[in-house]
Amino acid sequence: MVNADRLFPADPATRDIARELYAEVKDLPIISPHGHVPVEWFHDKDYHFANPTELFITPDHYVTRVMHSQGVDLKDLGVGQKNFTEEQSKHAFELLGKYWYAYVGTPMQYWFDDELSTVFGIDKPFGPDTAGEIYDEINDDLKQPEFSTRALVKKFNIEFISTTDDTLDDLHLHDETNADPDFPARLAPAFRPDLYLEPYKTANWAHEVEKLGEVAGIDATTYAGFTEALRRRRVYFKEHGAVLSDHSHADVRTDRLSDTEVNRLFKQAMAGNITPEEGDKLRRHFFADQVEMAQEDGLVMTVHPHVHRDYDPQNLAQYGVNIGADIPAKAEYAVDLKSLLNKYGNNPDFHFVAFTMDETVYSRELGPLAGFYPSLYVGAPWWFLDSPEPILRYFDYITTAAGFTKLSGFIDDTRALCSIPTRHDTNRRLTARFVSGLVADHRLSLEDGKKVMRDSVQAGPRHVFKLD
């Protein structure tokens, strides 16, 4: 059984404070503004996961990457496999048990143990001797009505959840799900235009641009038409419930080109004749356009740059993207954001949420910048940083320079549904741990600490992501 005081301070007096602070938010609804669970899970009134592997392993690159590091082939975990049999699924789960020692001390071990106990009521230790038995228990549960995805959303007390969607999606599944009174949460799409902003990296970019124009109802094969097509798609997403646009590039520079230069490079890109350097110039100009559009339509901008995406070309070719092969890169925010912030940073209605996989920029750049510019918020730790010690450092670095009001609230960034309540609970416990130290040091009253807790879960993310 998981310990009721998990992640709380070891000191008894401070632990008592943490318990009281955690009690303020333990049962509050979950706001999940950024994640990657597919809308189909929610649209189908009676969607059930086929088996525990489909639930816990195959979609979760946090889990699969660790076994890959131990020499397990991703295909044996269901990654990229269309016809994964029941026998193969159970074998994959038994592989998780076999290599469970590799997860010791990791966030994945903590999350999985927590999910087994709190979601499925399984308190026996997981490992090579119990993996098969636990698979069978969960498999039986997943067939029950109370384990449909909609029932789980209700059980997890999810109030708001956002998917991440193709720019050309007609969003009818979102509309139909939200129109159904039986769906227990608010579901929103998120506008992700990266494909169209990367003319060098995107295969057949010109063809993609033509499809964009068709969906937007305009000729997008000129720069002016392309820009208008993206503007229309942003508005379309907002009209269908989106609150944010999501961006991931090598940097967040917004260097603008002259009219002559941008039109020349755009024509070269449409002809498939553009260098990597020219592609970067266009992408930065396109990103600057997105920032300007955000001033008009009010969508929150979330960015998570500075990542070596798809680091392993062999596995990329075999299995595609999002397999856990993204590696942190050195971040440079102060220089890259200077033009953007000096133009729009003092606009309180513009919300720009900066994430990072390079925590060295928290105290050096993001904290001080967010502590001055009204528009800038600092995204919660994610990927490589979403374990206890980095999260505590994040609180320390950012609140020292900018206070609690410039935090984004927790972001689970997950593709695994059952990890959502566990990861949000982890963050609530760690927030209680951090704030309990401030209360114990008499730097914060207990009542102020309780307000910080409540705001971190509800008022904060509702403000940052404009949910009211």
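Heavy atoms only: backbone and side chains are in, while hydrogens, waters and symmetry mates are out. Everything quoted here is computed from the prediction, not taken from an experiment. Residues: numbered from 1 along the sequence shown.
Ring orientation note: the planes of Phe112 and Phe56 are nearly perpendicular, at an angle over 60° on the 30°/60° scale.
Looking at Arg423 and Asp386, a side-chain N of the basic residue comes within less than 4.0 Å of a carboxylate O on the acidic one, giving a salt bridge. With respect to Lys466 and Asp349, no salt bridge is recorded, no charged nitrogen being found less than 4.0 Å from a carboxylate O. Looking at Asp165 and Arg192, no side-chain N of the basic residue comes within less than 4.0 Å of a carboxylate O on the acidic one, giving no salt bridge. Salt bridge present: Asp455 and Lys451 bring a charged side-chain N and a carboxylate O closer than 4.0 Å. Electrostatic pairing of Arg462 and Glu159 counts as a salt bridge here, judged by a charged N lying under 4.0 Å from a carboxylate O. Between Arg234 and Glu296 there is no salt bridge, since none of the side-chain N atoms of the basic residue sits less than 4.0 Å from a carboxylate O of the acidic one. A salt bridge links Arg393 with Glu359: the distance from a Lys NZ or Arg NE/NH1/NH2 to an Asp or Glu carboxylate oxygen falls below 4.0 Å.
A cation-pi geometry, defined here as NZ or CZ lying under 6.0 Å from the six-membered ring centre and within 45° of its normal, does not hold between Arg19 and Tyr22. In this structure, Arg283 is not positioned above the aromatic face of Tyr196 in the sense of NZ or CZ being under 6.0 Å from the six-membered ring centre and within 45° of the axis. Both tests hold for Arg429 against Phe8: distance to the six-membered ring centre under 6.0 Å, angle to the ring axis within 45°.
Side-chain polar atoms of Ser375 and Asn347 form no donor-acceptor pair below 3.5 angstrom. A side-chain N or O of Ser248 and one of Arg309 form a donor-acceptor pair less than 3.5 Å apart. No side-chain donor from either of Asp251 and Tyr333 sits under 3.5 Å from a side-chain acceptor of the other. In the model, His91 has no side-chain atom that pairs as donor or acceptor with a side-chain atom of Asp76 under 3.5 Å. Looking at Arg6 and Tyr110, their side chains do bring a donor and an acceptor atom within 3.5 Å of each other. Using a 3.5 Å distance cut-off with no hydrogens or angles, the side chains of Tyr377 and His463 do pair a donor with an acceptor. Between the side chains of Asp73 and Tyr319, at least one donor N or O lies within less than 3.5 Å of an accepting N or O. Residues Thr130 and Glu133 bring no donor and acceptor atom of their side chains to less than 3.5 Å of each other. If you check the side chains of Ser117 and Asp123, you find a donor sitting under 3.5 Å from an acceptor.
Scanning all heavy atoms of the two residues, the minimum distance from Leu407 to Thr399 falls at CD1-CG2, 4.3 Å. Across all non-hydrogen atoms, the minimal contact from Pro33 to Leu244 is O-CD2, 3.3 Å. Here the shortest heavy-atom pairing between Asp194 and His247 reads OD1-CA, 3.4 Å. In terms of heavy atoms, Ala432 sits closest to Ala18 at CB-O, 3.7 Å. Here the shortest heavy-atom pairing between Pro29 and Gln458 reads O-NE2, 3.3 Å. Considering all non-hydrogen atoms of both residues, Val378 and Val353 come closest at C-CG1, 4.4 Å.
Aromatic pair Phe355/Trp383: centroids not less than 6.0 angstrom apart. The aromatic ring centres of Phe126 and Phe93 sit less than 6.0 Å apart. Between Phe49 and Phe147, the distance separating the two ring centers is not shorter than 6.0 angstrom. Taking the six-membered ring for Trp, His48 and Trp41 have ring centres at least 6.0 Å apart. Taking the six-membered ring where the residue is Trp, the centroids of His34 and His304 are separated by under 6.0 Å. When ring centroids are compared, Phe465 and His351 stay outside the 6.0 Å threshold. The aromatic ring centroids of His424 and Phe156 lie 6.0 Å or more from each other. In this structure, Tyr394 has its ring center closer than 6.0 angstrom to the ring center of Tyr362.
Counting heavy-atom neighbours within 6.0 Å of Lys90 NZ, excluding the residue itself, gives a total above 12. The environment of NZ in Lys124 is crowded: more than 12 heavy-atom neighbours from other residues, nucleotides or ligands sit within 6.0 Å. Enclosure of atom CD in Glu146 by more than 12 non-hydrogen atoms of other residues, nucleotides or ligands within 6.0 angstrom is indicated. The 12-atom threshold is exceeded at CD of Gln144, counting heavy atoms of other residues, nucleotides or ligands nearer than 6.0 Å. The neighbour count for Asp468 CG, taken as heavy atoms of other residues, nucleotides or ligands under 6.0 Å away, is above 12.
For the atom pair CG of Leu316 and CG of Asp312, the computed distance is 8.0 Å after rounding to the nearest 0.5 Å. Atom CD1 of Ile138 and atom CD1 of Ile134 lie 6.5 Å apart (nearest 0.5 Å).
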Self-check item: CA sep, side-chain torsions, deciding dist, call: Glu86, Ser89, side-chain hydrogen bond (donor to acceptor under 3.5 Å, both in side chains)
Solution: CA-CA 5 Å; Glu86 176 64 26; Ser89 297; 5.1 Å; no
Practice problem: Verify salt bridge (charged side-chain N to carboxylate O under 4.0 Å, His left out) between Lys45 and Asp180, making sure each step is shown before the conclusion. | Solution: CA-CA 9 Å; Lys45 291 186 177 183; Asp180 187 345; 3.5 Å; yes
Quiz prompt | Residue pair Ile30, Asn157: steps toward the side chain to side chain contact (heavy atoms under 4.5 Å, CB included) verdict | solution = CA-CA 6 Å; Ile30 288 173; Asn157 198 16; 5.6 Å; no
Practice problem: Determine, stepwise, if the pair Ser32 / Asp412 fulfils side-chain hydrogen bond (donor to acceptor under 3.5 Å, both in side chains). | Solution: CA-CA 7 Å; Ser32 177; Asp412 51 70; 2.6 Å; yes
Practice problem: For Arg15 and Ser436, run side-chain hydrogen bond (donor to acceptor under 3.5 Å, both in side chains): C-alpha distance rounded to whole Å, both residues' side-chain angles, the deciding distance at 0.1 Å, then the answer. | Solution: CA-CA 8 Å; Arg15 186 167 62 235; Ser436 69; over 6 Å; no
Quiz prompt | Met293 and Phe191: CA distance, side-chain angles, deciding distance, side chain to side chain contact (heavy atoms under 4.5 Å, CB included) verdict | solution = CA-CA 13 Å; Met293 291 177 198; Phe191 183 73; over 6 Å; no
Practice problem: Would you check, one step at a time, whether the test side-chain hydrogen bond (donor to acceptor under 3.5 Å, both in side chains) holds for Thr356 with Asp358? | Solution: CA-CA 5 Å; Thr356 183; Asp358 177 6; 5.4 Å; no
